[in-house]
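This one's a predicted model, so the numbers in the text were calculated from it and none came from an experiment. Here is how names work: the chains are called A, B, and so on, in the same order as the sequence lines, proteins then strands, and each is numbered from 1.
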Number of protein chains: 2
Amino acid sequence: MDHMDEPSPWLDTEQQELWQDLLTVVIALPAALDRQLQRDAGISNFEYSVLARLSMAHQSTMRFSELARDCDSTLPRLSKLMDRFEAREWTARRIDPRDGRYTLATLTDSGRQKVVDSAPGHVAQVRRLVFEPLTAVQRRHLGAALSSVAETVRREAGDSTGRPR
Amino acid sequence: MDHMDEPSPWLDTEQQELWQDLLTVVIALPAALDRQLQRDAGISNFEYSVLARLSMAHQSTMRFSELARDCDSTLPRLSKLMDRFEAREWTARRIDPRDGRYTLATLTDSGRQKVVDSAPGHVAQVRRLVFEPLTAVQRRHLGAALSSVAETVRREAGDSTGRPR
DNA sequence: AGATATTTCTTGCCCAGGCAAGTAATATGG
DNA sequence: CCATATTACTTGCCTGGGCAAGAAATATCT
């Protein structure tokens, strides 16, 4: 329950603090983002990220598999989300004429409008929670460390979400 | 979708990269932890954190509200989890004799055994994903930056999870 | 070409978790 | 000391998401 002085069975005190803070960020940050978006725009952070990613794609169109990968989603999850989006007419679905296995998602005008409307509030929340509490130097350091961890985690997730990347 | 050169409506390129990496960590890290724990111990990260927190408490006993706060959980969520834990006989529930509104959760011996058994694999995963990809200096920087963000996020979440802290 | 394998998306079933309403215990105010 | 308010937890209902199995299209192999 406490420790042992063997090769690596536990974390030291400094590591435990880092770990606790990371857990808090990893749990409470998405919750905070969801609350803001839900309150101001009626969508979740995941839903926002899908709309936003589509809005940046060429012709506002992407294959499901690519979109799922970029948004750290699984295909079933995305497929069901697109059902809801289609019901709201924020996106449209059509089979890829070049390869009938692929399905293409396209953002509609009202879908794009939804992104435009909800982006400012979301970005402000991100600024408030992540960037404002840090100094410029801390941001660079955080960026460097996060890119290493993100790469490792992505590799780990690659097997489940869909391929190396 | 692109940018505007006003006060603060968007993030610059460096910030966007940091933000993208943070999103990946925030989404894929819990998923990776869940996979390992689910595979090797049959429990989720949240379930592990509750057992682990209880195991560190005085007399292996805590009030529900306190436990929920420490594990970044809501009361309904914890209440239902404790139902499942009781069914497995990992915890026991009893009303606080000092104040009948509180409920006390106590870790049983087999509950403690579960923590002891699953801890090494979990800790190894944390090491692999978070600490190993970083240099010692990066860890300190990451720790410093995370503590600021964690504090901000906690304050934000305080209103929903249960008071200032 | 035909059979089989692979890739991409969809569907069905199940469970965890959020929210709001309900319950039980204690505190507060008249 | 009774009525009302507050605190701590529980329950019911509903939705999102995971996983495994299925369907449709294309690629591969002989």
Side-chain angles (χ1 to χ4, degrees), chain A residues 27-28 30-35 37-39 42-50 62-88 91-106 157 159-164, chain B residues 27-28 30-39 42-50 62-88 91-105 157 159-164:
Chain A
I27 293 168
L33 296 174
D34 276 335
R35 273 197 304 279
L37 276 170
Q38 204 69 54
R39 175 166 51 80
I43 58 179
S44 71
N45 184 45
F46 173 59
E47 290 169 327
Y48 175 84
S49 73
V50 170
M62 288 178 74
R63 293 173 168 177
F64 272 39
S65 40
E66 197 188 350
L67 188 53
R69 189 167 45 69
D70 285 8
C71 294
D72 294 300
S73 168
T74 60
L75 268 174
R77 184 183 184 188
L78 183 62
S79 181
K80 289 165 183 171
L81 177 61
M82 296 314 268
D83 289 345
R84 287 173 257 146
F85 278 176
E86 274 191 287
R88 299 234 216 172
T91 61
R93 203 184 278 223
R94 73 175 193 283
I95 294 177
D96 188 336
R98 305 184 179 201
D99 184 335
R101 289 171 298 184
Y102 291 95
T103 301
L104 301 175
T106 302
D159 303 329
S160 87
T161 302
R163 304 292 87 190
Chain B
I27 293 168
L33 296 175
D34 276 334
R35 272 197 305 279
Q36 182 273 322
L37 276 170
Q38 204 69 55
R39 175 167 51 79
I43 58 178
S44 71
N45 185 45
F46 173 58
E47 290 169 327
Y48 175 84
S49 73
V50 170
M62 288 178 74
R63 292 174 169 177
F64 273 39
S65 38
E66 196 188 351
L67 187 53
R69 189 167 45 69
D70 285 8
C71 294
D72 294 299
S73 168
T74 59
L75 269 174
R77 185 183 184 187
L78 183 63
S79 181
K80 288 165 182 172
L81 177 60
M82 297 312 269
D83 289 344
R84 284 173 258 146
F85 277 176
E86 274 192 286
R88 299 234 212 173
T91 61
R93 206 183 266 210
R94 73 175 194 283
I95 294 176
D96 188 334
R98 304 183 180 207
D99 183 334
R101 289 170 298 185
Y102 291 95
T103 301
L104 301 176
D159 303 328
S160 88
T161 303
R163 303 295 86 188

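A residue-by-residue look at B:Thr103 and A:Pro97 shows that B:Thr103 has its nearest nucleotide of DNA chain D further toward the 5' end. Comparing B:Asp99 and A:Asp99, the nucleotide of DNA chain D nearest to each residue sits closer to the 5' end for B:Asp99. For the pair A:Tyr102 and A:Pro76, nearest-nucleotide mapping onto DNA chain C gives the more 5' position to A:Tyr102.
The line from OG1 of B:Thr91 to CG of B:Leu104 is 12.0 Å long, rounded to the nearest 0.5 Å.
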Nucleotide N/O to protein N/O under 3.5 Å, stretch nucleotides 14-17 of chain C:
from: C:dG17; atom 1: OP1; to: B:Arg77; atom 2: NE; distance (Å): 3.4
from: C:dG17; atom 1: OP1; to: B:Arg77; atom 2: NH2; distance (Å): 2.8
from: C:dG17; atom 1: OP2; to: B:Arg84; atom 2: NH2; distance (Å): 3.4
from: C:dG17; atom 1: O5'; to: B:Arg77; atom 2: NE; distance (Å): 3.4

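Residue B:Leu104 contributes atom CG, which lies 12 Å from atom C1' of D:dA8 at whole-angstrom precision. In this structure, B:Leu78 atom CG and D:dA8 atom P are separated by 14 Å, rounded to whole Å. Look at CD on B:Gln38: it is 18 Å from P on D:dG17, rounded to the nearest Å. Following rounding to the nearest Å, A:Phe85 (CZ) and D:dG16 (P) show an atom-to-atom distance of 11 Å. Atom C1' of nucleotide C:dG18 and atom CZ of A:Arg39 are separated by 17 Å, given to the nearest angstrom. If you measure from atom CG of B:Asp72 to atom P of C:dG18, you get 11 Å, rounded to the nearest angstrom. Protein atom CG of B:Leu75 is 17 Å distant from nucleotide atom P of C:dA25, rounded to whole Å. For the pair B:Ile95 CD1 and C:dA24 C1', the interatomic distance rounds to 8 Å; values are reported in whole Å.
Listed pair A:Ser79 / C:dT10 meets the phosphate criterion, a side-chain N or O lying under 4.0 Å from OP1 or OP2. At the phosphate of C:dT7, neither OP1 nor OP2 sits under 4.0 Å from any side-chain N or O atom of A:Ser65.
Taking only side-chain atoms of B:Arg101, from C-beta outward, the nucleotide of D:dT6, C:dT10, D:dC9 with the closest atom is D:dT6.
Among the heavy atoms of the strands lying under 4.0 Å from B:Arg93 are primed sugar atoms or P, OP1, OP2 only; no base atom is included.
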For this session: Step by step, work out the side-chain contact (heavy atoms from CB on, under 4.5 Å) result for A:Thr103 and A:Met82.
Result: CA-CA 11 Å; A:Thr103 301; A:Met82 296 314 268; over 6 Å; no
For this session: Please report the C-alpha distance between A:Val50 and A:Glu47 in whole Å, then the side-chain angles of each, then the deciding distance to 0.1 Å, and finally whether the side-chain contact (heavy atoms from CB on, under 4.5 Å) criterion is met.
Result: CA-CA 5 Å; A:Val50 170; A:Glu47 290 169 327; 5.9 Å; no
Problem set entry | B:Asn45 and B:Gln36: CA distance, side-chain angles, deciding distance, side-chain contact (heavy atoms from CB on, under 4.5 Å) verdict | CA-CA 9 Å; B:Asn45 185 45; B:Gln36 182 273 322; over 6 Å; no
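Enclosure of atom CZ in B:Arg98 is not indicated, since only 12 or fewer non-hydrogen atoms of other residues, nucleotides or ligands lie within 6.0 angstrom.
Of all non-hydrogen atoms in A:Ser49 and A:Cys71, the two that sit nearest each other are O-SG, 3.7 Å.
Side-chain N or O atoms of B:Ser79 include none that pairs as donor or acceptor with a backbone N or O of B:Pro76 at under 3.5 Å.
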